[in-house]
Amino acid sequence: MRAEALEIIWRTVVAIPRGEIATYGGIARRAGMPGRARLVGHALKAAPAGLELPWHRVLGAGGRIAFPKGSRLYAEQARRLRAEGLEVVDGRVRNSGAPDLDMLLWKPQ
DNA sequence: GTTGTGACATTAT
DNA sequence: CATAATGCCACAA
């Protein structure tokens, strides 16, 4: 069951369109496991490199990068996000004028 | 078995 | 804005 859950999470993450973002909690909900945001984080950490998951599109609540500022992964994620046209300022994705982050968040139909 | 830690979230203070 | 308290669950010691 545990391994299945990881696959579901991976597939959910893969489905995030380029240039859009999602949150850990949001992914968990979309994967049918509300309240299990931490599991999403674990799934990403445990993900094989071969999957080429767009893990950089997964952010913490409020569009904040979940890594410690200055860490290697932090810089890497910011770099990749900027490569997709998103603006990253002080560890968070800057939404241009949008009232809520939900406007940038990936909303599955 | 228990405990502490962690790519988290939400609510309350 | 920042902390703290909970809830959540996988994993390592």
Side-chain angles (χ1 to χ4, degrees):
Chain A
M1 206 48 120
R2 192 166 66 248
E4 303 263 346
L6 294 185
E7 275 190 34
I8 296 174
I9 292 173
W10 291 337
R11 261 185 293 169
T12 307
V13 172
V14 169
I16 305 174
R18 178 190 169 86
E20 305 231 348
I21 58 179
T23 64
Y24 288 92
I27 293 293
R29 266 188 330 180
R30 182 73 182 87
M33 1 183 171
R36 303 189 189 186
R38 295 190 97 119
L39 185 57
V40 174
H42 207 75
L44 293 182
K45 183 163 86 167
L51 288 181
E52 296 181 4
L53 290 177
W55 57 269
H56 53 280
R57 299 185 190 139
V58 184
L59 301 166
R64 282 194 287 284
I65 293 182
F67 302 105
K69 187 178 178 181
S71 69
R72 195 185 164 290
L73 284 172
Y74 175 96
E76 175 70 8
Q77 182 164 20
R79 184 187 68 80
R80 291 203 187 192
L81 287 173
R82 278 189 282 256
E84 295 193 355
L86 291 168
E87 190 178 356
V88 182
V89 175
D90 193 40
R92 48 181 111 161
V93 170
R94 199 179 152 94
N95 50 341
S96 40
D100 281 333
L101 237 159
D102 293 341
M103 312 223 57
L104 272 182
L105 286 179
W106 169 56
K107 296 189 130 189
Q109 291 71 10

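Throughout, a chain's letter reflects where its sequence line sits, starting with A, and its residues are numbered from 1.
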Please report the distance separating the C1' of B/dA7 from the corresponding atom of C/dA5, rounded so that it comes out in whole Å. 22 Å
Using nucleotides 9-13 of chain B, report all nitrogen or oxygen pairs with the protein that are shorter than 3.5 Å.
unit_1	atom_1	unit_2	atom_2	d
B/dA9	OP1	A/A61	N	2.9
B/dA9	OP2	A/A61	N	2.8

What residues in residues 69-80 of chain A put a non-hydrogen atom under 4.0 Å from any atom of DNA chain B? none
Does CZ in A/R29 sit with more than 12 non-hydrogen atoms of other residues, nucleotides or ligands closer than 6.0 Å? no
Tell me, do A/L51 and A/V14 make a side-chain contact under 4.5 Å, heavy atoms counted? no
Before accepting this row, confirm whether a basic side-chain N of the pair A/R80/A/E76 lies closer than 4.0 Å to the acidic partner's carboxylate O. yes
Quick check on side-chain contact (heavy atoms from CB on, under 4.5 Å): which of A/I16, A/V58, A/L86 does A/I21 satisfy it with? A/L86
Any idea which heavy atoms bring A/T23 and A/G60 closest together, and the distance? CG2-O, 3.9 Å
Going by the rule side-chain hydrogen bond (donor to acceptor under 3.5 Å, both in side chains), which residues pair with A/K69 if we only count those two or more places apart in sequence or in a different chain? A/D90
What N/O pairs connect the protein and nucleotides 1-5 of chain C at under 3.5 Å? Give each pair on its own line.
unit_1	atom_1	unit_2	atom_2	d
C/dC1	OP2	A/R92	NH1	3.2
C/dC1	OP2	A/R92	NH2	3.4

To the nearest 0.5 Å, how far apart are CD in A/E20 and CZ in A/R18? 12.0 Å
Nearest heavy atoms of A/A37 and A/A28, plus distance in Å: N-CB, 4.0 Å
Measure all distances between protein nitrogen or oxygen atoms and nitrogen or oxygen atoms of nucleotides 10-13 of chain C, and list the pairs falling under 3.5 Å.
unit_1	atom_1	unit_2	atom_2	d
C/dC11	OP2	A/R2	NE	3.2

Residues A/I8 and A/T12: closest non-hydrogen pair is O-OG1, 2.7 Å
Applying side-chain contact (heavy atoms from CB on, under 4.5 Å) to A/A43 and not counting sequence neighbours gives A/L6, A/I9, A/W10
Are A/V88 and A/Q77 close enough, and set up right, to give a side-chain contact (heavy atoms from CB on, under 4.5 Å), and what steps lead you there? CA-CA 10 Å; A/V88 182; A/Q77 182 164 20; over 6 Å; no
Return the minimal non-hydrogen interatomic distance between A/F67 and A/W55, and the atom names on each side. CE1-CZ3, 4.1 Å
